[in-house]
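Structure first, then comments.
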Amino acid sequence: MGEAPAFFVDDINGNAPNGLHLKSKGYETAINVSCNKTYFIGSNENELTSTIEIRIFDKSTNEWVIPSVLGIKPKPSNGHSAILLDEDRILIINGNSTSNNCFWFLEVNTPFVKEQKSRLGTEVVAWSKGVIGEAENPIVISGPSGVGKGTLISKLMEEFPSMFGFSVSHTTRAPRKNEQNGVHYHFTDHSIMEKDIEDGKFLEFAAVHGNLYGSSVEAVEVVADRGKRCILDIDVQGARSVRASSLEAIFIFICPPSFEELEKRLRSRGTETEEQIQKRLRNAKAELEQGKSPGLFDHILVNNDLETCYENLKKLLGLSNGVKISQKSELFHVPTEHTISRIDQKILINGCASEKEKPVINMFTLDFSSIKGGAPGRTRGLNIYTKNGMILSENPS
Ligand SMILES: Nc1ncnc2c1ncn2[C@@H]1O[C@H](COP(=O)(O)OP(=O)(O)OP(=O)(O)O)[C@@H](O)[C@H]1O
Ligand SMILES: Nc1nc2c(ncn2[C@@H]2O[C@H](COP(=O)(O)O)[C@@H](O)[C@H]2O)c(=O)[nH]1
């Protein structure tokens, strides 16, 4: 495996440095991932669109391959630099962007990408946004239908509106009277949802009570982009899939005080037909069993008295003393013109600020030795040091 060259191009008419491929409009970086493959990461601009495109040149066959691209793509900036971190991923640093949006990973050979390659039978790459420090883990809440998950989540969102965001799931079930598309669910057709699942747009999905439900990668990303902690209300099958994914979450199972009480709540909600209630109650038995599966849930809460259960939920989320989460701040700005170089598990980023751009830290170091997570979600655990060795962090202290 060759060490990756990192190119930065700001002159599309200039001469191409070693291995750089210039396009008629936009710019492109080229990274050798193995002795056979070179990945071209380019911004292709025209009057209507601006996108980051990936092409792979296979030297063994002399052919270009356009891979399936999974995950949420970065927005193209005026320029980027790129460097190979290991044989699994390429780091992309967007120019003229802030710390919230400058680090991106293009996964080319991670376990997630390998799995998708064998599923799709094509070349696959996957984007994952880099996050500085240990961003708060998403919260997965599961439990049988009617136990009170939605009620507890609503209370949490009401009391801490700036802290939590709800992952709006997709479902093929029909909307209830008071449900709004895009707020409670994204209501969709079976065929559309199946196609989106096939295209890798879902973090998890499951057939629940006769309908398809799923959490899209985008639904979770949108919440994180707002600087909020994501809450997912999903069934036990979905929780299992998330457990198996790269998304590091905290898993909470809500139990009813008794089966009779569960039935009473489901009926009193008045949203299901008798047939649907029977189906949900049958499924509840299996779900209550699966809720006890070793290693699946981190916490089990009994929702007997609502207020007591809510207080317990807040306690386990560390919220009982009115703890506040820090809002996402912009720690620094990466200028359009910058260079990067690698020393072991660290990347040195050297900025050359122009007058027009925001103030920058001219030199800083990105330590990627303890990254976690990854596509289709975020890559957490990046550490940034200033020239003086000071650590910059977005974590609440
Ligand atoms: N602790 C509680 N005591 C009594 N009623 C409750 C309690 N918690 C919730 N409820 C009521 O039970 C009904 C079902 O609650 P909710 O809709 O929140 O359940 P859910 O777990 O989100 O269900 P689903 O999985 O079907 O979406 C609602 O009418 C709600 O007001
Ligand atoms: N695996 C997933 N399960 C989900 C998702 N969104 C909701 N759900 C679960 O479905 C049932 C029924 O919900 P309802 O709104 O029809 O009453 C409930 O247990 C939810 O937790 C999802 O995205 N993935």
Side-chain angles (χ1 to χ4, degrees), residues 138-158 166-188 193 196-197 201-220 222-223 230-245 247 249 251-273 276-288 290-291 296-297 301-313:
I139 302 159
V140 169
I141 298 195
S142 257
S145 178
V147 74
K149 302 179 295 295
T151 309
L152 288 163
I153 293 169
S154 298
K155 281 174 82 66
L156 210 50
M157 308 264 296
E158 217 164 274
F166 186 60
S167 159
V168 180
S169 295
H170 281 63
T171 182
T172 59
R173 89 151 158 72
R176 294 176 185 144
K177 244 189 266 157
N178 58 345
E179 284 179 332
Q180 279 172 266
N181 191 26
V183 176
H184 300 93
Y185 280 105
H186 298 289
F187 295 100
T188 184
M193 189 152 167
D196 285 348
I197 290 170
K201 292 189 180 163
F202 282 86
L203 180 67
E204 65 75 32
F205 60 91
V208 190
H209 318 313
N211 283 295
L212 261 184
Y213 292 77
S215 316
S216 70
V217 175
E218 191 172 2
V220 176
V222 160
V223 175
C230 185
I231 304 181
L232 297 96
D233 174 346
I234 59 178
D235 85 317
V236 178
Q237 307 168 75
R240 216 180 272 284
S241 302
V242 177
R243 233 330 159 207
S245 80
L247 187 79
F251 293 78
I252 302 170
F253 188 76
I254 313 287
C255 272
S258 67
F259 201 78
E260 292 68 36
E261 174 63 18
L262 181 71
E263 179 167 358
K264 200 169 122 199
R265 285 182 197 172
L266 206 44
R267 288 186 188 287
S268 70
R269 191 170 68 184
T271 48
E272 270 74 34
T273 62
Q276 285 161 349
I277 289 174
Q278 291 304 331
K279 187 183 261 181
R280 284 176 184 238
L281 288 174
R282 273 197 306 278
N283 293 340
K285 287 207 170 111
E287 284 178 286
L288 288 169
Q290 288 169 33
L296 181 51
F297 289 97
L301 288 178
V302 178
N303 183 15
N304 189 2
D305 172 63
L306 181 61
E307 287 311 317
T308 310
C309 184
Y310 180 57
E311 284 309 313
N312 288 337
L313 175 62

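Just follow the structure's listing: the first ligand is 1, and inside any ligand the first atom is 1.
- Between Leu266 and ligand 1, not a single N/O pair is under 3.5 Å apart.
- Heavy-atom proximity to Gly150, at under 4.0 Å, picks out these atoms of ligand 1: 18 (O), 20 (P), 22 (O).
- Atom numbering of ligand 1 starts at 1 in the shown order; those under 4.0 Å from a heavy atom of Lys149 are 18 (O), 19 (O), 20 (P), 21 (O), 22 (O), 23 (O), 24 (P), 25 (O).
- For the pair Glu261 and Ser258, the tightest heavy-atom approach, listed with the atom from each and the gap, is N-OG, 3.1 Å.
- Of the candidates Phe187, Tyr213, Tyr185, Phe202, Phe202 is the only one forming a ring pair (Phe, Tyr, Trp, His ring centres under 6.0 Å) with His170.
- Among all heavy-atom pairs drawn from Asp233 and Lys149, the shortest one is OD1-CE, 3.2 Å.
- Near Arg280, the atoms of ligand 1 lying under 4.0 angstrom from a non-hydrogen atom of the residue are 26 (O).
- The residues lining ligand 2, counting any heavy atom closer than 4.0 Å, are Gly143, Lys149, Ser169, Arg173, Arg176, Tyr185, Glu204, Ala206, Val208, His209, Tyr213, Gly214, Ser215, Asp233, Ile234, Asp235, Gly238, Arg269, Arg280.
- Ion pair Glu307/Lys155 flagged as a salt bridge, since at least one NZ, NE, NH1 or NH2 atom sits closer than 4.0 Å to an Asp/Glu carboxylate oxygen.
- Partners of Asp235 under the side chain to side chain donor-acceptor pair (under 3.5 Å) rule, at least two apart in sequence or in another chain, are Gln237.
- Annotation for ligand 1: atoms under 4.0 Å from non-hydrogen atoms of Asn304 are 1 (N), 2 (C), 3 (N).
- Between the side chains of Arg173 and Thr171, no donor-acceptor pair is found at a separation under 3.5 Å.
- Near Pro144, the atoms of ligand 1 lying under 4.0 angstrom from a non-hydrogen atom of the residue are 21 (O).
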**Item:** Steps toward side-chain contact (heavy atoms from CB on, under 4.5 Å) verdict (Leu212, Ile197)
**Value:** CA-CA 11 Å; Leu212 261 184; Ile197 290 170; 4.2 Å; yes

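- Contact analysis puts Gly146 in contact with ligand 1, with a non-hydrogen atom separation below 4.0 angstrom.
- No more than 12 heavy atoms of other residues, nucleotides or ligands sit less than 6.0 Å from atom NZ of Lys201.
- For Asp233, no nitrogen or oxygen atom sits less than 3.5 Å from a nitrogen or oxygen atom of ligand 1, counting backbone and side chain alike.
- Distance check: Phe166 CZ to Ile141 CD1 gives 9.5 Å after rounding to the nearest 0.5 Å.
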